Enquirer: 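One structure follows; several queries about it will come next.
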Amino acid sequence: MTIANESPTSLFDKLWERHVVVEETAEAPAVLYIDLHLIHEVTSPQAFSVLAERGLKVRRPDRTFGTLDHSTPTLPANDRGELPYATPEAKSQVERLIENCEEHGVELLNMGDPRRGIVHVIGPELGLTQPGKTIVCGDSHTSTHGAFGALAFGIGTTEVGHVLATQCVLQRKPKSMRVIFDGALPEGVGAKDMALAMIAQIGADGGQGYAIEFAGEAVRALSMDGRMTLCNMSIEAGARFGMVAPDETTFEWLHGRDFTPKGLAWNEALADWSELKSELGAHFDKEVHVDASTIRPMITFGVSPDAAAPVDAIAPEPHSEAEKHAADYMKFEAGKPFHDAAVDRVFIGSCTNSRLSDLREAAQVMRGRKVKDGVIALIVPGSVAVKQAAEAEKLHEIFLAAGAEWREPGCSMCIAMNGDSGNPGELVVSTSNRNFIGRQGKGVRTVLASPATAAASAIEGRITDPRPYLFAKESA
Amino acid sequence: MSFDPIKTLTSRTVVLTQENIDTDQIIPARFLTTTTKEGLGASAFFDWRYDEDGRPKNSSVFNGVNPETHKILVAGSNFGCGSSREHAPWALSDFGFRAVISSDIADIFKSNAQKNGLLPVEVDEETHKKLLASPGAEVTIDLESCEVTFGDGEKGSFPIEAFARRCLLDGVDPLGHLINQMPAIEDYERQ
Ligand code: SF4
């Protein structure tokens, strides 16, 4: 017993241990307690139906929180106050969540609520997301919340039902991996570039079965927004969990938010949260080093997020069948610079890159410039709060003056099930997280990139290295 | 919730050799506005099965597949990656599949499939290669012995998490198991 207690533990071990209700055995997974359950309209209706079938109630409405984001339109209501839903089904899905939340006493950020936004943006923004919590959502990018030192992971709809009914999930403890970003990031390179560089290095299934802790100098130096971007992309490396140990940056960011502890309770929380880090010598099943100092602005050129390369590189020769298939779809000519590729559309948004700092980054590139003729640029803030903060800084004026569209918050073109999508064959530079075939509309070719790269690509109408734009601003 | 228990399954295979088949391929997001689980089979692999005008593609391996005789889907590695949408296993089950075989199946998809009576089978490289090379082959999956057997008698074994296996054999979703843990859950909440 004593020996076990003395062996150094990892952040992940600590988070796990704190939430085990029933230990796992050879026969059954652990019963893990969930502190916060976030729900949205797409992955919850069938779970509520199971509750109804079985005559069950939501066990802890106080630990459940709903938002509307995936199917919601990003264009404003018409004069009659009607929102332009893409389909009647989308509208009825939204209405279903409203009914379900009313029936079960779950707080919902309805349309028109000034706190509404993309589930992974509003959780942290409201201070619902906190270090040490277990957080689940029927959404694979729930790993985003791990940026705060929370154990956060995506679940399926059946499990959404489990959590609604019992506040627990059945889960075997995954293996642990530490990804260490050594050195400092070069100027003009950010968290999205780090994420894509890492995924290119370890592969789209490199994190399969692991909980990842991100560490190292470059991670410590990231803002909370940057850490969220990095943890968000864990699932694109196959890992359900991604996390960063909380520190001063985390605490400062959380202080004074709606749901964070206040007064004495805040000090107690801080004392507790400060314990949440991996001890020296803690065991990890796998350790990966990424050299942060050599990362350049990154883009993807294939149909899986690990097909990523520096934006100023040339398109590689495809080798495997899969690479040939991807190259046929994406139409990048081998041996030609990516910069040669003409861009049809740019999307700046999604739970990966729709926070205030992302919009500032895009605005820095677009300020005083024009989006290339014929290019459609969509800028979609992650939440109403982000939208208001951006407007207070007049960022929207920069975007509008550049000829970009400034929309209402939502998932928008990240998932293209809400009326926002590209047309077949179009090349879209997008700050979202998935370049899968058809993700942004049938036949759409998606290139993932940072907000700066997306903005620079909108200006030039080609896939563009944002660094000259970022540096030009510095010296101006 | 319950589904038909699986003990052994003998059926022909449909083979998709591609790696990293994500859940957006299995069911595109535009079909996710449903509020039920039923009928999603019609949307399974929709953009692989139908052309721009909604006509069946001749090139699709799904073309002419009889769901009665082809209940096993064999796919390249990292099958089911991407979005956590449970609509993916719902769609495959509704289409008629009872099992998916790959060398490695993404975590969330695997977990979702298990809860819906769709058996995820992760075989070794050699067995995987043989399966990929023989579309339409008749194979038997035995969940009691955790083995895949080819027509020529050759076998490959597969690991599967014990609890998920039990649920699949019994045809039950684990909610009942969780509800039985309620006293422990209440104790935990009191600490
Ligand atoms: S923005 Fe995209 S990835 Fe994020 S929750 Fe919405 S659909 Fe999912």
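Treat the numbers as computed from the prediction; the structure is a model and nothing was measured.
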Enquirer: If you measure from the Lys or Arg side-chain nitrogens to the Asp or Glu carboxylate oxygens, is any gap between A:Glu27 and B:Arg166 under 4.0 Å?
Expert: no
Enquirer: Determine, stepwise, if the pair B:Glu19 / A:Glu321 fulfils side-chain contact (heavy atoms from CB on, under 4.5 Å).
Expert: CA-CA 9 Å; B:Glu19 294 167 10; A:Glu321 271 310 306; over 6 Å; no
Enquirer: Would you say B:Asp104 and A:Asp205 make side-chain contact, with heavy atoms under 4.5 Å?
Expert: yes
Enquirer: Which atoms of A:Leu56 come close to chain B, meaning under 4.5 Å heavy atom to heavy atom: side chain ones, backbone ones, both, or neither?
Expert: side chain
Enquirer: Measuring only between side-chain heavy atoms, which start at C-beta, is A:Thr158 closer than 4.5 Å to B:Asn116?
Expert: yes
Enquirer: Identify whether the distance between the nearest side-chain nitrogen and carboxylate oxygen of A:Arg434 and B:Asp22 falls below 4.0 Å.
Expert: no
Enquirer: With a 4.5 Å cut-off on side-chain heavy atoms, are B:Lys115 and A:Glu159 touching?
Expert: yes
Enquirer: Quick check: closest heavy atoms across B:Ile185 and A:Tyr33, and the distance to 0.1 Å?
Expert: CG2-CE1, 4.1 Å
Enquirer: Show the numbers, then the answer: is there a side-chain contact (heavy atoms from CB on, under 4.5 Å) between A:Ile437 and B:Gln25?
Expert: CA-CA 7 Å; A:Ile437 290 177; B:Gln25 307 312 308; 3.6 Å; yes
Enquirer: How close do B:Leu175 and A:Ala165 get, heavy atom to heavy atom, and via which atoms?
Expert: CD1-CB, 4.1 Å
Enquirer: Output every pair passing side chain to side chain donor-acceptor pair (under 3.5 Å) with a member in residues 43-52 of chain A, not counting sequence neighbours, ordered by first then second residue.
Expert: A:His40-A:Thr43
Enquirer: Could you work out, with side-chain contact (heavy atoms from CB on, under 4.5 Å) as the rule, every residue matching A:Ala211, not counting sequence neighbours?
Expert: A:Phe12, A:Pro174, A:Phe241, A:Met243
Enquirer: side-chain contact (heavy atoms from CB on, under 4.5 Å) between A:Thr157 and B:Asn112: does it pass, once the steps are laid out?
Expert: CA-CA 8 Å; A:Thr157 296; B:Asn112 285 341; over 6 Å; no
Enquirer: Using a cut-off of under 4.5 Å for heavy-atom pairs, which of A:Val160, A:Asp306, A:Val42, A:Asn418 has the most such pairs with chain B?
Expert: A:Val42
Enquirer: Heavy-atom distance under 4.5 Å between the side chains of A:Arg59 and B:Met182, does that happen here?
Expert: yes
Enquirer: Restricting to non-hydrogen atoms, name the atom on B:Leu178 and the atom on A:Leu170 that form the minimum distance, rounded to 0.1 Å.
Expert: CG-CG, 3.9 Å
Enquirer: Using the rule given for side-chain contact (heavy atoms from CB on, under 4.5 Å), can you reason through A:His141 versus B:Ser84, listing the C-alpha separation, both sets of side-chain angles and the distance that settles it, and then say yes or no?
Expert: CA-CA 9 Å; A:His141 292 98; B:Ser84 64; over 6 Å; no
Enquirer: Please check if any side-chain donor atom of B:Thr34 sits under 3.5 Å from a side-chain acceptor atom of A:Glu89, or the reverse.
Expert: no
Enquirer: Only heavy atoms, only distances under 4.5 angstrom. Which residues in residues 90-100 of chain A are near chain B?
Expert: A:Ala90, A:Gln93, A:Arg96
Enquirer: So that I can tick it off, tell me whether A:Arg240 and B:Asp107 are bridged by a salt bridge, with the cut-off set at under 4.0 angstrom between side-chain N and carboxylate O.
Expert: no
Enquirer: Going by the side chain to side chain donor-acceptor pair (under 3.5 Å) test, which pairs reach into residues 59-81 of chain B, not counting sequence neighbours?
Expert: A:Gln208-B:Asn78, B:Asn20-B:Asn78
Enquirer: Quick one: closest heavy-atom pair of A:Ser140 and B:Ile108, and the distance?
Expert: CB-CD1, 4.1 Å
Enquirer: Is there a side-chain contact between A:Lys442 and B:Asp47, using heavy atoms and a 4.5 Å cut-off?
Expert: yes
